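Here is the naming used below: chain letters follow the sequence lines, and residue numbers restart at 1 for every chain. As the structure is a computational prediction, the values presented were derived from the model and not from experiment.
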Protein chains: 2
Amino acid sequence: MDKKKKIMAGSLLFSGIPDAQLDEVAAIAVDKTCRRGESIFFEGDEGTGFYMVVEGQVKIYKMSFDGKEQILHIFGPGEPFGEVPVFHGQPFPANAMALVNSSLLFFPRRQFVDLVTANPSLALNMLAMLSFRLRRFAAQIESLSLKEVPGRLAAYIVYLAEEQGATERVTLDIPKGQLASLLGTIPETLSRIFARMTEEGLIRVDGRTILIDDFERLREW
Amino acid sequence: MDKKKKIMAGSLLFSGIPDAQLDEVAAIAVDKTCRRGESIFFEGDEGTGFYMVVEGQVKIYKMSFDGKEQILHIFGPGEPFGEVPVFHGQPFPANAMALVNSSLLFFPRRQFVDLVTANPSLALNMLAMLSFRLRRFAAQIESLSLKEVPGRLAAYIVYLAEEQGATERVTLDIPKGQLASLLGTIPETLSRIFARMTEEGLIRVDGRTILIDDFERLREW
DNA sequence: CCTTTCCATTGACCTAGGTCAAAAATAATT
DNA sequence: AATTATTTTTGACCTAGGTCAATGGAAAGG
């Protein structure tokens with residue numbers, strides 16, 4: 001697959017960009033692959049550019065001094081990540097690691113900023129991208145601070161259901177341990193809550209498949 | 001004070017913008033004042049534009065169904081807020097309220113987007129602004145999820161100390177109840193932690209003044 | 001197929017911090 | 001100053017959920 005194809009495939013960042021400029025974007029993009037568990041960058045690293053997931057899955061996460069992890073985002077195909085240092089000129093604020101073998105594109109900072117400067121629709125797309133992130137972060141903070149773990153899990157299942165267009169059955173796209181970290185808890189607690197929700201007739205869990213028995217009650221949580 | 005002066009005063013968003021364009025920005029800005037406790041917008045409202053604090057203090061916050069509040073940001077002079085819907089075209093993700101009598105500028109969406117489109121440095125400044133926000137949100141999520149309340153308070157005091165350029169004595173810029181909400185806790189807990197930190201010889205608290213007795217230990221938390 | 005490793009679940013226990021209630025202190029208003 | 005309203009502090013209590021430890025399953029590598 002050539003870079004231009006990778007760039008266009010399902011990426012909101014480059015949607016509506018004139019074809020000529022897509023060529024310029026493709027010209028500065030650098031292919032990169034990484035295997036499951038491989039680190040892409042660390043918090044504090046200098047940000048020389050940002051990435052986009054072409055195929056695979058990448059987590060952005062923070063670690064506490066005593067080793068607990070909090071996942072900030074999980075990005076899939078078409079989603080860019082690591083843009084913050086590009087525009088703010090500071091080191092990466094978090095770590096990035098591939099959850100599965102992944103294929104990425106890397107965009108060098110300097111050259112990308114030049115493209116953004118010359119191309120208003122690219123700038124607006126990037127502004128929309130960052131705005132969307134801010135919205136998601138706000139929801140995550142609300143979730144962590146104002147909801148208890150069952151509420152956060154319920155919200156996540158509802159989110160998955162909407163994303164997968166099904167109110168009957170959803171599939172977890174990440175291991176349960178990672179889900180715990182995304183929800184700001186630990187695997188033991190998550191496991192207990194899955195069990196409790198099952199007892200209460202809300203869901204049934206089989207591996208990574210969740211059968212939703214009472215979507216409404218889940219949504220109202 | 002004329003609008004152009006208000007726009008320039010200490011605002012990172014408009015720094016380095018050619019004078020001619022500042023006039024254009026000033027031309028679309030609308031003056032607005034609001035008194036202490038007044039709501040500026042609510043979560044779910046359509047975003048017809050964004051604001052900048054000229055004077056005063058504004059909080060951006062979320063409410064839980066049972067009335068608990070989580071503050072996301074507190075913005076002071078020179079800081080813009082409410083930009084997310086401008087670029088993402090969705091309703092406001094949170095509520096905004098003036099903490100004290102405040103003077104604001106309002107920038108209508110459509111017209112501001114036109115300016116951004118025509119002016120690359122304005123676009124880059126806005127990108128830097130949003131990037132900075134993302135960084136702060138990441139820190140807040142880390143704080144909520146990976147630190148306990150004393151650690152969050154310590155981090156906040158250190159942050160204030162840096163902002164105020166003093167390691168001996170800082171002044172809280174908000175009431176303690178609001179600080180509790182910013183740190184994701186409640187006034188009772190915050191009060192107890194202030195008391196404990198005082199017992200342990202870290203700080204002394206007198207109203208909104210905090211004397212720092214052991215800056216290093218506070219920082220290492 | 002077997003072994004090793006990783007992941008998920010379950011139980012016993014404990015603590016950070018939230019809830020409820022009341023007093024004390026500070027600020028705002030008449 | 002006196003009154004009212006708002007913040008802050010303190011005490012008694014309780015629970016969500018984290019820690020530690022052990023076991024059961026599933027997946028990966030030989």
May I ask you to check whether over 12 heavy atoms, not counting those of B:Glu46, lie within 6.0 Å of atom CD? no
Aromatic A:Phe194 / basic A:Lys176 pairing, under 6.0 angstrom, 45° off normal: yes
Should A:Glu79 and A:Arg133 count as an ion pair when the cut-off is N to O under 4.0 Å? no
For the aromatic rings, using the six-membered ring if either is Trp, is the centroid distance between B:Tyr61 and B:Phe42 under 6.0 Å? no
A:Gln70 and B:Ser145 side chains, donor-acceptor separation under 3.5 Å: yes
Rounded to whole angstroms, how far apart are CZ on B:Arg35 and P on C:dA28? 15 Å
Nucleotide C:dG17, atom C1' - distance to CG of A:Leu144 in whole Å: 16 Å
Quickly work out the A:Asn101 CG to D:dA28 P distance and round it to whole Å. 12 Å
So, taking the atom named CD in A:Gln164 and the one named CG in A:Leu172, what distance separates them when rounded to the nearest 0.5 Å? 8.5 Å
Rounded to the Å, how far apart are B:Leu172 CG and D:dT7 C1'? 13 Å
Distance check needed: D:dT8 P versus B:Leu183 CG, whole Å only. 13 Å
Take A:Glu69 and A:Lys59 through the salt bridge (Lys or Arg N to Asp or Glu O under 4.0 Å) test and state the conclusion after the steps. CA-CA 11 Å; A:Glu69 168 190 283; A:Lys59 72 173 170 185; 2.9 Å; yes
Carboxylate-amine/guanidinium contact B:Arg208 B:Asp173, below 4.0 Å: no
Length of the line joining B:Phe194:CZ and C:dG17:C1', which is rounded to integer Å: 16 Å
For a side-chain contact (heavy atoms from CB on, under 4.5 Å) check, start with the C-alpha distance between B:Thr48 and B:Arg109, then their side-chain angles and the critical distance, and finish with the verdict. CA-CA 5 Å; B:Thr48 58; B:Arg109 181 180 177 197; 5.5 Å; no
Rounding to a whole Å, what distance do you find between A:Glu148:CD and D:dC14:P? 18 Å
Ordered by number, residues from residues 200-214 of chain A within less than 4.0 Å of DNA chain D (heavy atoms) are none
Roughly how many Å is it from CZ in A:Arg196 to C1' in C:dT10, rounded to a whole number? 15 Å
Given 3.5 Å as the limit, does a donor-acceptor pair link the side chain of A:Ser102 with the main chain of A:Gln57, or not? yes
Please list each protein N or O that sits under 3.5 Å from an N or O in nucleotides 4-7 of chain C, with the distance.
none

Does the side chain of B:Asp31 come within less than 4.5 Å of B:Lys3's, by heavy atoms? yes
Within residues 186-193 of chain B, residues whose heavy atoms come under 4.0 Å of DNA chain D: B:Glu188, B:Ser191, B:Arg192
Tell me whether the centres of the aromatic rings in A:Phe81 and A:Phe107 are closer together than 6.0 Å. no
Out of A:Phe112, A:Phe41, A:Phe87, A:Phe75, which residue meets the ring pair (Phe, Tyr, Trp, His ring centres under 6.0 Å) rule with A:Phe50? A:Phe112
What's the separation between atom CD1 in B:Ile203 and atom CD1 in B:Ile157, rounded to the nearest 0.5 Å? 4.5 Å
Looking at five pairs on each end of the helix from C:dC1-D:dG30 to C:dT30-D:dA1, what is the angle between the two axes, given to 10 degrees? 60°
Aromatic centroids of B:His73 and B:Phe137 separated by under 6.0 Å: yes
So, using side chain to side chain donor-acceptor pair (under 3.5 Å) as the criterion, who are the partners of A:Glu142 when residues are at least two apart? B:Lys62
Filtered N/O pairs between nucleotides 23-27 of chain D and protein, under 3.5 Å:
none

